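From a predicted model like this one, the values you see are computed outputs, not experimental measurements.
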Amino acid sequence: MNTEEYRRMHHAETRHWWYRALHARVLHACERFAPRARTILDVGCGTGGMLARLPAEIRAAGVDLAPEAVARCRERGLPMITRASADAIPFEATSADAVLLLDLLYHRNVLDPARVLHEVRRVLSPEGVAIINAPAYAWLRSSHDDAVHTGRRFTRRELIQLLEGAGFEVCYASYWNTILFPPIALLRVLRRWYPPSGSDVSETGPAWANTLLGVVLALEAAVMWRVPLPFGVSIFAVARPARPPIQPVRVTET
């Protein structure tokens, strides 16, 4: 990610409607799928906005390869931040109750997403969960993707297949940012010809618009947790390490 983009992210992450909607979904997923989680690891933690929103009783740790991201996390007063690659996570096996992969697997520096997922599976406890957010649809690629170094975008099916191939059982997967999909898709297409100077989620905009868009996505979330949405700008998924199948016991008569 561009150095300037980290500055923008650090400024906007606690106020921007998109970040607040994503963080709310993560907190809900933790409560629903990992209510007993005590250790949560954010891999590709960026400037630490999500870690800062976790409850105080949670042992929250973050990993990011970019020195700018690590520095921004420490500015927030987050102590357990390590500079490391996502495919060599400096955590012991089965030591995390939940691992967050929020807009990480898409990144062009992630050369092998499956390898990253195998590392996540290694550090997760047997009952732990991975919580994943990823950008949807390759055709939505725009100047925003150039600013944040996008290497790939996914469909829901592609993300599920990637998770299952890495040894996960998908508990939940849905598109989101569905209500705003038409104007965002149009904007993305237009920005191929008229690119802005930064990313699409780097500025909060007017307070009234930020509040309104936040309300729209909150209402959408109420539906999303009941019925997975059929399309959207992003994909949100929760997965557990798959258990090996139980082999039938053969009884030999004598």
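Residues L124 and M80 do not share a hydrophobic cluster, defined by chaining ILVMFWY side chains whose heavy atoms lie under 4.5 Å apart. At a threshold of 4.5 Å between side-chain heavy atoms, the hydrophobic network of Ile, Leu, Val, Met, Phe, Trp and Tyr places I235 and V223 in one connected group. By the rule that hydrophobic residues join a cluster once side-chain heavy atoms approach within less than 4.5 Å of another member, L219 and V216 end up as members of separate clusters. Under the 4.5 Å side-chain contact rule for hydrophobic residues, V70 and L65 do not share a cluster. Both V43 and I58 are assigned to one and the same hydrophobic cluster, defined by single-linkage of ILVMFWY side chains at heavy-atom distances under 4.5 Å.
A salt bridge links E13 to R76: at least one charged side-chain nitrogen sits closer than 4.0 Å to a carboxylate oxygen. R243 has a carboxylate O that lies under 4.0 Å from a charged side-chain N of E127, or vice versa, which qualifies the two as a salt bridge.
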Walk me through whether D112 and D87 qualify under side chain to side chain contact (heavy atoms under 4.5 Å, CB included). CA-CA 8 Å; D112 187 353; D87 57 14; over 6 Å; no
Run the numbers on V238 and V170 for side chain to side chain contact (heavy atoms under 4.5 Å, CB included), then give the verdict. CA-CA 6 Å; V238 181; V170 177; over 6 Å; no
Should S174 and F236 be marked as a side chain to side chain contact (heavy atoms under 4.5 Å, CB included) after you check the CA-CA gap, both sets of side-chain angles, and the distance that decides it? CA-CA 5 Å; S174 174; F236 191 90; 5.6 Å; no
Carefully, step by step, assess F168 and L162 under the rule side chain to side chain contact (heavy atoms under 4.5 Å, CB included). CA-CA 9 Å; F168 284 90; L162 178 64; over 6 Å; no
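Counting heavy atoms from C-beta on, the side chains of L117 and L101 come closer than 4.5 Å. Contact annotation: the side chain of R108 approaches that of H149 to within less than 4.5 Å [non-hydrogen atoms, C-beta and beyond]. Residues R83 and P67 are in side-chain contact: their nearest non-hydrogen atoms beyond the backbone lie under 4.5 Å apart. Between I131 and V99 the shortest side-chain heavy-atom distance does not fall below 4.5 Å. In this structure, the side chains of L105 and I132 come closer than 4.5 Å at one or more pairs of heavy atoms. Side-chain contact check for L180 versus V233: every heavy-atom pair is 4.5 Å or farther apart. Side-chain atoms of T211 and W17, non-hydrogen and from C-beta on, never get closer than 4.5 Å to each other.
A donor-acceptor contact shorter than 3.5 Å links the side chain of R74 to the backbone of I81. Judged by distance alone, with hydrogens and angles left aside, the side-chain atoms of E119 form a donor-acceptor pair with the main-chain N or O of I89 at under 3.5 Å. Listed for the N210 side chain is a donor-acceptor partner under 3.5 Å among the backbone atoms of R15. Using modelled atom types, one side-chain atom of D64 and one backbone atom of G46 make a donor-acceptor pair closer than 3.5 Å. The closest donor-acceptor contact from the side chain of T82 to the backbone of V63 lies at 3.5 Å or more, if one exists at all. Between the R153 side chain and the D145 main chain, no donor and acceptor come within less than 3.5 Å of each other. A donor-acceptor pair is defined here as one N or O able to donate and one able to accept, closer than 3.5 Å; such a pair exists between the side chain of R152 and the backbone of H107. E158 places a side-chain N or O within donor-acceptor distance of the main-chain N or O of T155, the cut-off being under 3.5 Å. Between the side chain of R20 and the main chain of T14, a donor-acceptor pair closer than 3.5 Å is present.
Ring geometry for Y137 against Y175 counts as parallel: the plane angle stays under 30°, on a 0 to 90° scale with 60° as the upper cut. Aromatic ring orientation, Y19 versus H23: tilted (interplanar angle from 30° to 60°).
Rounded to the nearest 0.5 angstrom, L78 CG and C45 SG are separated by 8.0 Å. Here the straight-line distance linking atom SG of C30 with atom CG of L54 works out to 6.5 Å at 0.5 Å rounding. From R157, atom CZ reaches atom CD of E164 across 11.0 Å, with rounding to the nearest 0.5 Å. To the nearest 0.5 Å, the span separating CG on L140 from CD1 on I184 amounts to 9.0 Å. Taken to the nearest 0.5 Å, the CZ atom of R32 stands 6.5 Å off from the CH2 atom of W225. Taken to the nearest 0.5 Å, the CG atom of L51 stands 4.5 Å off from the CG atom of D42.
Shown here are the ring pair (Phe, Tyr, Trp, His ring centres under 6.0 Å) partners of H118, two or more places apart in sequence or in another chain: there are none.
Shown here for A24 and R53, the closest heavy-atom pair between the two residues is N-NH1, 4.2 Å. For the pair E220 and L229, the tightest heavy-atom approach, listed with the atom from each and the gap, is CG-CD1, 3.6 Å. Closest non-hydrogen pair, R240 versus C171, comes out as CG-SG, 3.4 Å.
The 12-atom threshold is exceeded at CZ of R122, counting heavy atoms of other residues, nucleotides or ligands nearer than 6.0 Å.
Listed by first and then second residue, the side-chain hydrogen bond (donor to acceptor under 3.5 Å, both in side chains) pairs involving residues 90-105 are D103-N133 (not counting sequence neighbours).
Aromatic rings of F154 and Y106 (six-membered ring for Trp) have centroids beyond the 6.0 Å cut-off, not under it.
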